[in-house]
Amino acid sequence: MGELMSSGLLNVASLAISLVVMIVGLVLWFFINRASSRTDEQIELLEALLDQQKRQNALLRRLCEANEPEEKPAPNAPVEEAKEDEDDFIRLVAER
């Protein structure tokens, strides 16, 4: 037991533990950095996709506006009939 406590073995053991901790830290850093760069690439792709969708929506709106038929004036008769139906319904409701 006294031999284990010698300064040479403690220095070697602390050096080995330091190396293991450093290797584990580098491996963790590698995977975190890799995930971060992949996330950045995905964000760039999503932003490019959003930009393209905005352009497509603008083109579609212009096409729809260009192809819209001219609106014809609607006859007023159905509107008047609807008003008369509303008046009939109001007459059915009892006043308090």
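As a basis for the values below, the full set of heavy atoms in this structure was taken, side chains included, without hydrogen atoms, waters or symmetry mates. All figures in this text were calculated on a predicted structure; none of them were measured in a lab.
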Output the distance between atom [atom1] ([X]) and atom [atom2] ([Y]), rounded to the nearest 0.5 Å.
{"X": "Ile43", "Y": "Glu47", "atom1": "CD1", "atom2": "CD", "result": "7.0 Å"}
{"X": "Leu60", "Y": "Glu65", "atom1": "CG", "atom2": "CD", "result": "10.0 Å"}
{"X": "Leu15", "Y": "Met22", "atom1": "CG", "atom2": "CE", "result": "9.5 Å"}
{"X": "Glu68", "Y": "Leu63", "atom1": "CD", "atom2": "CG", "result": "11.5 Å"}
{"X": "Gln53", "Y": "Leu46", "atom1": "CD", "atom2": "CG", "result": "9.5 Å"}
{"X": "Asn57", "Y": "Arg62", "atom1": "CG", "atom2": "CZ", "result": "12.0 Å"}

Q.
Taking side chain to side chain contact (heavy atoms under 4.5 Å, CB included) as the criterion, tell me which of Trp29, Phe31, Phe30 meets it with Val27.
A.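 Only one option passes, and that is Phe31.
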Q. Shared ILVMFWY cluster between Val24 and Ile17, side chains joined below 4.5 angstrom?
A.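 No, separate clusters.
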Q | Donor-acceptor contact present, side-chain Ser36 to main-chain Ile32, <3.5 Å | A |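 No; zero donor-acceptor contacts below 3.5 Å.
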